[in-house]
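One structure below.
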Amino acid sequence: MECAVAINIHAKPTAIWSLLTDAAHMPRWNSTVLNINGHIAPGERIALKSTLDPKRTFKLKVSTFDPPSKMVWQDGMAPMFKGVRTYTLTPQRDGSTSFTMTETFTGLMLPLIAKSLPDFKPSFEQFALDLKQVSERKEYQDSKD
């Protein structure tokens, strides 16, 4: 099972990366994140509460950290159930950045719980729009030059 979103952002990958890896400030610009604790860095664990399921705290591990192009967060326990979220930033010739976020769910339990999982698409779309909006603000871009 997979959910993905893609959007073109008129900002440098480094500026977008700094937003994606700043846990302390993420709830300020990202309307889908209620709270996030921890340090977003290679091998670190973070605890995230989202608007998608406010009663649940997602315990995530940063498994891939390749600045400023790719980051992967994952949770769950293979082979039973595993969620893997991949953030990808690809610079474009016009100076913009293609941002994609993909969540892939796998595991033996997936067929039993797939129908109980929420629809991630609206939350992913809002995440991408929030990221685009803050990344494209002139005052933000000026502070990252």
Side-chain angles (χ1 to χ4, degrees), residues 1-107 109-110 113-114 117-145:
M1 186 173 149
E2 185 174 281
C3 182
V5 67
I7 196 166
N8 192 59
I9 300 174
H10 295 281
K12 296 175 188 174
T14 52
I16 299 166
W17 185 265
S18 70
L19 287 166
L20 291 173
T21 57
D22 184 355
H25 292 103
M26 192 176 288
R28 292 183 188 164
W29 64 264
N30 187 336
S31 64
T32 69
V33 173
L34 298 172
N35 189 23
I36 185 167
N37 292 307
H39 186 64
I40 301 172
E44 293 290 327
R45 296 199 176 272
I46 54 176
L48 177 115
K49 283 192 177 200
S50 78
T51 56
L52 198 58
D53 189 352
K55 294 179 183 176
R56 180 172 177 205
T57 299
F58 295 91
K59 308 243 186 223
L60 309 163
K61 180 179 181 181
V62 181
S63 60
T64 301
F65 195 84
D66 185 15
S69 59
K70 185 176 181 181
M71 179 168 53
V72 178
W73 297 358
Q74 57 187 25
D75 72 345
M77 190 175 289
M80 298 310 288
F81 183 77
K82 187 174 184 181
V84 178
R85 180 173 294 186
T86 304
Y87 302 90
T88 307
L89 301 169
T90 307
Q92 304 299 298
R93 288 186 177 180
D94 66 358
S96 66
T97 301
S98 174
F99 168 76
T100 60
M101 181 171 68
T102 305
E103 182 101 19
T104 305
F105 298 100
T106 58
M109 298 294 294
L110 184 59
I113 63 171
L117 293 173
D119 180 4
F120 287 82
K121 191 71 171 171
S123 179
F124 274 37
E125 289 172 349
Q126 188 61 55
F127 183 108
L129 288 172
D130 289 350
L131 181 63
K132 178 179 176 68
Q133 184 178 45
V134 73
S135 296
E136 291 181 350
R137 286 188 192 146
K138 181 174 179 358
E139 63 272 12
Y140 178 75
Q141 289 183 2
D142 289 346
S143 73
K144 297 299 170 188
D145 284 338

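Keep in mind it's a predicted model, so treat the numbers as computed, not measured.
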Given the rule in the ring pair (Phe, Tyr, Trp, His ring centres under 6.0 Å) test, do Trp17 and Phe99 qualify, once you have shown the distances and angles that lead to the verdict?
-> CA-CA 10 Å; Trp17 185 265; Phe99 168 76; over 10 Å; no

Go through the steps for Val33 and Ser50 under the test side-chain contact (heavy atoms from CB on, under 4.5 Å), then give the verdict.
-> CA-CA 4 Å; Val33 173; Ser50 78; 5.5 Å; no

Check: Thr64 and Trp73 side chains under 4.5 Å, non-hydrogen atoms | no

Donor-acceptor pair, Ser123 side chain versus Phe120 backbone, under 3.5 Å?
-> no

CG of Asp130 to OG of Ser31: how many Å apart, nearest 0.5 Å?
-> 3.5 Å

Rounded to the nearest 0.5 Å, how far apart are CD1 of Ile46 and CD1 of Ile36?
-> 4.0 Å

Classify the ring geometry between Tyr87 and Phe127 as parallel (under 30°), tilted (30 to 60°) or perpendicular (over 60°).
-> tilted

Compare every heavy atom of Arg56 with every heavy atom of Phe58, then report the nearest pair and how far apart it is.
-> CE2-NH1, 3.1 Å

Value for CD1 (Ile16) from OG1 (Thr21), rounded to nearest 0.5 Å, stands at 11.5 Å

Taking it one step at a time, do Phe65 and Ile40 satisfy side-chain contact (heavy atoms from CB on, under 4.5 Å)?
-> CA-CA 9 Å; Phe65 195 84; Ile40 301 172; 4.2 Å; yes

Identify the heavy atoms of Ser135 and Ala11 that sit nearest to each other, and give their distance.
-> O-CB, 3.6 Å

Closest heavy-atom contact between Thr90 and Gln92?
-> O-NE2, 3.0 Å

Check the pair His10, Lys132 against side-chain contact (heavy atoms from CB on, under 4.5 Å), reporting the backbone distance first and the verdict last.
-> CA-CA 8 Å; His10 295 281; Lys132 178 179 176 68; 4.0 Å; yes

Hey, could you give me the SG/NZ distance between Cys3 and Lys121, rounded to the nearest 0.5 Å?
-> 5.5 Å

dist Leu131:CG -> Met26:CE (nearest 0.5 Å) comes out at 8.5 Å

Answer with yes or no whether the side chains of Gln126 and Thr32 bring together a donor and an acceptor at under 3.5 Å.
-> no

Take Val5 and Thr102, measure what side-chain contact (heavy atoms from CB on, under 4.5 Å) needs, and give me the verdict at the end.
-> CA-CA 7 Å; Val5 67; Thr102 305; over 6 Å; no

Minimal non-hydrogen separation, Val62 against Ala41, with atom names | CB-O, 3.2 Å

Over all atoms of both residues, closest heavy-atom pair of Pro13 and Pro68 | CB-O, 3.8 Å

Taking the side chain as C-beta and beyond, is there a heavy-atom pair between Met1 and Leu110 under 4.5 Å?
-> yes

Heavy-atom distance under 4.5 Å between the side chains of Arg85 and Phe124, does that happen here?
-> yes

Might you point out which heavy atoms bring Pro54 and Thr51 nearest each other, and give the distance in Å?
-> CD-O, 3.5 Å

Is a side-chain donor-acceptor pair under 3.5 Å present for Ser96 with Asn8?
-> yes

Near Lys70 NZ, under 6.0 Å, is it more than 12 heavy atoms from other residues, nucleotides or ligands?
-> no

What distance separates Thr104 OG1 from Gln74 CD, expressed to the nearest 0.5 Å?
-> 11.0 Å

Can you check whether Asp75 reaches Lys82 side chain to side chain, under 4.5 Å on heavy atoms?
-> no

